[in-house]
There are 2 protein chains.
Amino acid sequence: MTRKKVKHVYIADVTARKATFKKRKKGIIKKVNELTILCGIQACALIASPFDSKIEVWPDSEGTRHIIERYQSTSIIDRSKNVSQESFIVHRVAKAQDQVKKKHRENREKEVTLTIFQYLKSGIIPQQLNFEELKDLERLIEKNIKQVESRIEELS
Amino acid sequence: MTRKKVKHVYIADVTARKATFKKRKKGIIKKVNELTILCGIQACALIASPFDSKIEVWPDSEGTRHIIERYQSTSIIDRSKNVSQESFIVHRVAKAQDQVKKKHRENREKEVTLTIFQYLKSGIIPQQLNFEELKDLERLIEKNIKQVESRIEELS
DNA sequence: ACATCTATCTTTAGTCT
DNA sequence: TAGACTAAAGATAGATG
């Protein structure tokens, strides 16, 4: 009587879709939970609801945040294979500091680099950035500084 | 012959753990994929490997990034229930701009706020921040500005 | 709408190659 | 180390209350 051949296509019927979503979400979360226990690992799932804009996560928001941060760090490292992220950052900062000492003058380029360094240390932006990302960030900070300066000028 | 009662505890044997991890990870990803199709939603899974530091994600890094960003936005909204995030940001920026025009002088407080606004617009930091997070960010930016200024002074 | 049931489908632990 | 196999365990579609 209970026929089942799940066609893997979008479920048009709202009631059926909602029921399936609820059951399967529960199943997935159970499986993810089991995997973390059986294998002693971290894992998380983020699932958007079809019925409201909320995204459900497993485990709690704290655990999810941790693994997301861990993922973001490592994925960025992977993207910049050509240079070790650690030596890259260390070298960049050391170079910026040297330049500051040598040139002995106000220099926006170094201001930007130092700002980036502070943000990296603080964790506001990922601890590792590849060259392209760093360049984007530099351009953004430079733009900000210019805007702030022009606004200040405008008011003087 | 094939006896199975899965005890839900850590699998001590390395070989068995690896085999189970591989099988179950595949299963979870399949289930998540099916859920997204059946219900027409976004979902992702992040799974740390027990054998190297890499975190595997489903779907690709691009899709994962999107849903993470969506999650981070909404979760932060939820945390600052007391005030709508949109009106909060809009109000804060408008106020800062008003102050700039009225006081007609260089003012670090506004510089900080404008910098935050730029970062918010750019997506470098989450689009929504609650009061505590905004305060932390303000303190950080202020500290950065002071450090940069003192370094510039030191060199003049 | 939700809870329970259960026949059937799907996953997977243990085993072998 | 990685597939393939298979029977038991587990998940769930559709039905019913």
Side-chain angles (χ1 to χ4, degrees), chain A residues 1-61 63-64 67 70-71 74-75 77-78 81, chain B residues 1-61 63-64 67 71 74 77-78 81:
Chain A
M1 51 182 70
T2 61
R3 268 300 107 89
K4 285 175 296 183
K5 299 282 174 65
V6 182
K7 314 165 298 169
H8 284 163
V9 293
Y10 177 71
I11 300 167
D13 178 62
V14 180
T15 308
R17 190 164 74 253
K18 190 162 193 171
T20 288
F21 177 75
K22 197 177 173 185
K23 286 178 179 180
R24 281 175 171 260
K25 176 166 66 61
K26 186 184 162 193
I28 288 169
I29 286 171
K30 190 182 175 204
K31 289 279 189 192
V32 173
N33 183 34
E34 286 175 1
L35 186 65
T36 62
I37 294 166
L38 291 169
C39 299
I41 56 152
Q42 290 183 308
C44 74
L46 287 77
I47 301 173
S49 167
F51 304 102
D52 63 58
S53 64
K54 203 176 147 197
I55 291 182
E56 303 201 43
V57 299
W58 186 96
D60 54 44
S61 60
T64 299
I67 190 162
R70 211 184 128 193
Y71 164 65
T74 51
S75 75
I77 291 171
D78 287 347
K81 291 187 190 68
Chain B
M1 52 182 72
T2 60
R3 267 301 107 84
K4 285 174 295 183
K5 297 283 174 60
V6 182
K7 311 166 298 169
H8 283 163
V9 293
Y10 178 71
I11 300 167
D13 178 62
V14 180
T15 308
R17 190 164 74 252
K18 190 162 194 171
T20 288
F21 177 74
K22 197 177 173 185
K23 286 178 179 180
R24 281 176 171 260
K25 175 167 65 63
K26 187 183 163 193
I28 287 169
I29 287 171
K30 189 183 174 201
K31 289 280 187 192
V32 173
N33 183 35
E34 286 174 0
L35 186 65
T36 62
I37 293 166
L38 290 169
C39 299
I41 57 152
Q42 289 183 310
C44 75
L46 287 77
I47 302 173
S49 166
F51 305 103
D52 63 59
S53 64
K54 202 176 150 197
I55 291 182
E56 303 201 43
V57 299
W58 186 96
D60 54 43
S61 60
T64 299
I67 191 163
Y71 164 65
T74 51
I77 290 169
D78 287 346
K81 292 184 190 70

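Source: prediction; values computed, not measured. A note on names: the letters A, B, ... follow the listed sequences, proteins ahead of strands, and every chain is numbered from 1.
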| message | Can you measure B:R24 atom CZ to C:dT10 atom C1' for me and round it to whole angstrom units? | response | 13 Å

| field | Nearest-angstrom distance from the residue atom CG of A:L38 to C1' of D:dA9 | value | 14 Å

| field | Atom-pair distance (NZ on B:K25; C1' on D:dA2), nearest Å | value | 14 Å

| Is a side-chain N or O of A:R17 found less than 3.5 angstrom from the main chain of A:A12, in a donor-acceptor match? | yes

| field | Exercise: identify the closest heavy-atom pair between A:F21 and B:I41 | value | CE1-CD1, 3.6 Å

| said: Which heavy atom of B:D13 sits nearest to which heavy atom of B:A16, and what is that distance? | reply: OD2-N, 2.9 Å

| request: Taking the side chain as every heavy atom from C-beta outward, state whether A:T64 and A:P59 have any atom pair closer than 4.5 Å. | output: yes

| Going through the checks in order, is the side-chain contact (heavy atoms from CB on, under 4.5 Å) test met by B:K25 and B:I29? | CA-CA 6 Å; B:K25 175 167 65 63; B:I29 287 171; 4.0 Å; yes

| Considering heavy-atom distances to DNA chain C, does B:K31 or A:K18 have its closest nucleotide positioned more toward the 5' end? | A:K18

| task | Measure the distance from NZ on A:K26 to C1' on C:dT4 and round it to the nearest whole Å. | result | 11 Å

| remark: Between A:H8 and A:K23, the residue closer to the 5' end of DNA chain C by nearest nucleotide is A:K23

| To the nearest Å, how far apart are A:F21 CZ and D:dG14 C1'? | 20 Å

| message | If I take atom CG in residue B:D13 and atom P in nucleotide D:dT1, what distance separates them, rounded to the nearest angstrom? | response | 11 Å

| message | As a check on the pairing definition, encode DNA chain D in dot-bracket form, counting Watson-Crick and G-U wobble pairs whose two distances are under 3.5 Å, and using | for partners outside this strand. | response | .||||||||||||||||

| Separation of atom CD in A:E34 from atom P in D:dA9, rounded to whole Å | 15 Å

| OP1, OP2 of D:dA13 versus side-chain N and O of A:T20: anything below 4.0 Å? | yes

| Below 4.0 Å: OP1/OP2 of C:dA3 and any side-chain N or O of A:K22 | yes

| field | Length of the CD1-C1' vector between A:I28 and C:dT10, whole Å | value | 14 Å

| request: Report the C-alpha separation of B:K22 and B:K26 in whole Å, then their side-chain angles, then the decisive distance to 0.1 Å, and conclude whether the side-chain contact (heavy atoms from CB on, under 4.5 Å) test is met. | output: CA-CA 6 Å; B:K22 197 177 173 185; B:K26 187 183 163 193; over 6 Å; no

| request: Apply the test side-chain contact (heavy atoms from CB on, under 4.5 Å) to residues A:W58 and A:I28: give CA-CA distance (whole Å), side-chain angles for both, the deciding distance (0.1 Å), then the verdict. | output: CA-CA 10 Å; A:W58 186 96; A:I28 288 169; over 6 Å; no

